[in-house]
> 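Before I ask anything, let me first share the structure, which is written out below as C-alpha cells.
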Amino acid sequence: MDIRRTVSLGTVGFLAGLGVVLHVIEGCLPPPVPLPGIKVGLANVVTLVALFLFGGREVLYVVLVRIVLGNLFSGTLLGIAFFLSLGGGLTSLGIMSVLRRRNASLLWTSLLGAVFHNLGQWVVASLYVQSRALLFYLPVLLFWAVPAGFGVGYLGTLLVRSEALRRKTGSGPISPREGLGIDGLARH
C-alpha cells in the first residue's frame, strides 16, 4: 500500500468518525424549530468535504459509516430514524456527486444536496407511514432545506479552503468556481 493511499484511508476514517460525532451531538441538541424532521444536518458537512476532497468510493464509505455508527451510538440502528438517515444520505450523495462531476460550486451542491436529502427522507417516511398527509409536509421540509443547505455549504467551503486541511490530506487547492461567490451559483 503506498503512502498516498494510506493517507487517503486515514483521512476517510477521520472524516467518518467526525461525521459520527457530529451526528450524535446534533441528536442531543434541541431542533432549530419545533417541527419533526427539521435539523441543520451538521454531519452533512463531513459528506460535503469528503466529496470535494475525494469523491468516488471514499465519500460513499464516509456516508455509510457515518449513518451506521451514528445510528448505532444513538440507539436507532435499524429503526425508522436509521432508514430515514440512509434514504436521505444516499439520495443527497447521488445528486451531489452528479453536481460535483459537473463542477458546480460547493455551495450550490450543498443547497441541492439538502433538498434531495429531505426528498429522500420524505420518500422513506411515506413508505413507512403510508399516508397522503405527508404530502402536505413536503413543502415545509423543502423550505427548511434551503437555510440548512446554505449553512452546511458555507461551513464546508471554509473547511475545504482551509490550508491546514489541504496539508493534512495532500489535496490541492479548489478552483474559484467551487467557492462561495454568487457568480458560482449563477453559472450553475
> Drop me the distance from Phe150's CZ to Leu107's CG, to the nearest 0.5 angstrom.
5.5 Å
> Test Leu134 against every option in Leu141, Val129, Leu127 by the side chain to side chain contact (heavy atoms under 4.5 Å, CB included) rule and name the one that passes.
Val129
> Only distances under 3.5 Å count here; give the side-chain donor-acceptor pairs of residues 69-79 to other protein atoms, sequence neighbours excluded, each with its distance to 0.1 Å.
unit_1: Asn71; atom_1: OD1; unit_2: Thr76; atom_2: OG1; d: 2.6
unit_1: Asn71; atom_1: OD1; unit_2: Phe82; atom_2: N; d: 3.4
unit_1: Asn71; atom_1: ND2; unit_2: Ile67; atom_2: O; d: 2.8
unit_1: Ser74; atom_1: OG; unit_2: Gly70; atom_2: O; d: 2.7
unit_1: Thr76; atom_1: OG1; unit_2: Asn71; atom_2: O; d: 3.4

> Search all heavy atoms of Ser110 against all heavy atoms of Gly149 and return the closest pair with its distance.
OG-O, 2.6 Å
> Indicate the atoms forming the closest heavy-atom contact of Gly120 with Thr91, along with that distance.
CA-OG1, 3.6 Å
> Check for a donor-acceptor pair, side chain of Ser92 on one end and backbone N or O of Gly113 on the other, with a separation under 3.5 Å.
yes
> So, does Glu58 use its side chain to make a donor-acceptor pair with the main chain of Ala50 at under 3.5 Å?
no
> Is there a donor-acceptor pair closer than 3.5 Å between any side-chain N or O of Arg100 and the backbone N or O of Phe52?
yes
> Side chain of Tyr128, backbone of Val123: donor and acceptor closer than 3.5 Å?
no
> Does Trp144 share a hydrophobic cluster with Leu135, counting links as ILVMFWY side-chain heavy atoms below 4.5 Å and allowing steps through other members?
yes
> What are the two closest heavy atoms between Gly41 and Val152, and how far apart are they?
O-CG2, 3.5 Å
> To check you understand the geometry: which heavy-atom pair defines the closest contact between Leu84 and Gln121, and what is its length?
O-CG, 3.1 Å
> Which one of Val160, Leu155, Thr157 satisfies the side chain to side chain contact (heavy atoms under 4.5 Å, CB included) criterion with Val45?
Leu155
> Write down the atom of Ser97, the atom of Leu51, and the distance for their closest heavy-atom approach.
OG-CD1, 3.9 Å
> Is a side-chain N or O of Glu26 found less than 3.5 angstrom from the main chain of Leu42, in a donor-acceptor match?
yes
